[in-house]
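Since the structure comes first, as structure tokens, the remarks are kept for the end.
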There are 2 protein chains.
Amino acid sequence: MAKGKKDLDLSTEEKIMEAARKVFTEKGYAAARTRDIAEESGINLALLNYYFRSKEKLFELVMLERVNKLFGAIIPILNDESSTLEEKIEGIAGSYIDLLTEHPDLPIFVLSEIRNRPEKFAALVNARDHRVTKSVFMKQLIERKLSVSPFHILINLLGMTVFPFVGKPVLSKLVGNEAEFDALIKQRKELIPMWIKMMLN
Amino acid sequence: MAKGKKDLDLSTEEKIMEAARKVFTEKGYAAARTRDIAEESGINLALLNYYFRSKEKLFELVMLERVNKLFGAIIPILNDESSTLEEKIEGIAGSYIDLLTEHPDLPIFVLSEIRNRPEKFAALVNARDHRVTKSVFMKQLIERKLSVSPFHILINLLGMTVFPFVGKPVLSKLVGNEAEFDALIKQRKELIPMWIKMMLN
DNA sequence: AATTTTATTAATCAAACGATTAAATATTTT
DNA sequence: AAAATATTTAATCGTTTGATTAATAAAATT
């Protein structure tokens with residue numbers, strides 16, 4: 001075996017990954033130090049390079065996970081052949097709000113890292129591109145013969161759903177405290193589909 | 001005079017500020033190097049510290065500018081005593097889209113820096129807090145006796161307006177190219193007020 | 001049991017980076 | 001014009017940071 005791991009003891013390797021997820025997501029690539037990750041996972045600094053070759057490589061793995069998580073939450077819904085347009089709208093708002101309630105800084109992490117180094121991460125997005133653009137969801141929108149581009153509806157759905165999390169550091173203070181803000185967000189699981197459906201006429 | 005500048009030749013100081021705006025906004029605080037800023041402004045590295053004491057202090061100035069720009073675009077509109085609710089909605093969508101078309105990475109810059117160091121920048125937001133919360137706009141929303149919290153309307157308005165810029169690196173690829181995406185955004189100046197007004201009933 | 005491979009540690013390297021210093025040049029004040 | 005102050009430069013200092021190395025411990029293989 002090339003490297004005698006991966007059978008049972010993902011232990012050390014997985015401890016590093018877990019710490020990497022946390023530190024990278026909290027601070028972003030540039031501000032995260034390999035020593036932070038080592039300390040967070042309770043391992044020796046050299047082990048990070050032993051298992052992952054470099055900070056950069058480790059980050060790429062974390063980034064890939066995050067992008068997959070972000071796209072993975074909607075792509076299956078967008079492409080479900082058996083659900084109606086309305087059901088998809090409910091599904092997207094619902095599952096995204098659930099996901100982002102658990103991982104509130106997922107979108108801002110991914111978006112700001114992509115913006116910091118677009119060349120590097122363009123491929124990550126492009127690879128998942130068509131599964132949105134040519135989705136059943138988009139076809140169903142087109143069938144409705146809207147007076148505006150279907151992309152507007154998609155942008156509105158994502159904007160109303162995701163933006164509260166992106167703007168959370170600012171918005172939660174406006175609303176009051178974080179608990180009140182979270183309560184508002186929970187309400188939006190049902191409100192957003194209602195508003196979006198209004199736009200379909 | 002304590003320091004013999006600020007009469008005519010803001011030249012050097014302003015050259016550094018200009019470069020700092022660009023480099024910080026492009027890369028974020030952590031990834032921006034003082035040497036980048038020096039090179040970008042064509043000055044000697046030591047001048048940065050001579051004029052601004054430290055990278056940190058220089059950044060604080062840039063950050064303050066950015067936050068002011070972001071809030072400054074809506075606070076006057078939110079608090080205009082003479083305009084109707086509907087006019088304010090049109091004004092916010094319009095002026096924000098204009099501002100962000102010129103400075104597309106303003107929101108993601110501010111939001112990600114606040115998220116990276118919330119303690120440091122909490123005060124910046126708090127100071128401008130009440131001018132949103134207790135704005136004429138919010139009062140006008142309350143008068144409408146909506147079935148949902150007025151904050152939902154504010155979040156929707158900001159979400160639909162700002163999110164396209166936050167998500168631009170991803171969304172513009174979905175839509176096609178950047179030009180098409182910009183065209184869509186331009187349409188939204190009139191569409192967003194229409195959608196928001198629908199929500200007021 | 002001996003040997004080879006894998007895992008882990010402490011120490012350290014080299015480059016990057018923010019910051020400072022001391023000297024030189026320019027500008028302002030007297 | 002001389003003196004004082006402000007501006008600019010080149011060189012360099014001290015840390016931080018990603019990465020490596022050499023030695024050791026543990027595990028797997030023979």
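Below, read A as the first sequence line, B as the second, and so on, with proteins coming before strands; counting in each chain starts at 1.
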Output the single nucleotide from dC17(C), dG18(D), dA10(C) whose closest atom is nearest the side chain of Lys55(A). dG18(D)

Would Glu40(B) and Arg33(B) pass as an ion pair if we require N to O under 4.0 Å? no

Atom CD1 of Ile43(A) and atom P of dA10(C): how far apart are they, to the nearest Å? 12 Å

Are Glu102(B) and Lys69(B) close enough for a salt bridge, meaning some N to O gap below 4.0 Å? no

Over all strands shown, is Ala30(A) touching base, sugar-phosphate only, or nothing at heavy-atom distances under 4.0 angstrom? nothing

Test: Lys15(B) and Glu18(B) ion pair at under 4.0 Å: no

Assess whether a salt bridge exists between Arg21(B) and Glu14(B), defined as any Lys/Arg side-chain N lying under 4.0 Å from an Asp/Glu carboxylate O. yes

Send over the distance from Ile16(A) CD1 to dA7(C) C1', rounded to a whole Å. 11 Å

Between CZ of Arg53(B) and C1' of dT21(C) the distance, given in whole Å, is 14 Å

Can you find a side chain N or O atom of Thr34(B) that sits less than 4.0 Å from OP1 or OP2 on dG18(C)? yes

Among dA19(C), dT8(C), dT9(D), which nucleotide has an atom closest to any side-chain atom of Arg35(B)? dA19(C)

Let me know the distance between CZ of Phe52(A) and P of dA7(C), rounded to the nearest Å. 12 Å

Rounded to whole Å, please give me the gap between CG in Asn49(B) and C1' in dC17(C). 11 Å

Just how far, in rounded Å, is P of dT9(D) from OH of Tyr51(B)? 10 Å

Earlier contact from the 5' end, DNA chain D, for Asn44(A) and Ala31(A): Ala31(A)

Which one, dT21(C), dT17(D), dA19(D), comes nearest to the side chain of Arg33(A)? dT17(D)

Below 30° counts as parallel, above 60° as perpendicular, anything between as tilted: where do the rings of Tyr29(B) and Phe24(B) land? parallel

Give one of base, sugar-phosphate or nothing for Ala32(A), where a contact means two heavy atoms less than 4.0 Å apart. sugar-phosphate

Assign Leu45(B) to base, sugar-phosphate, or nothing according to its heavy-atom contacts below 4.0 angstrom with the strands shown. base

Rounded to the nearest angstrom, tell me the gap between atom NZ in Lys27(B) and atom C1' in dC17(C). 13 Å

Can you figure out which of dT20(C), dT7(D), dA19(D) approaches the side chain of Tyr50(B) most closely? dT7(D)

Find the distance Leu47(B):CG to dA24(C):P and express it as a whole number of Å. 17 Å

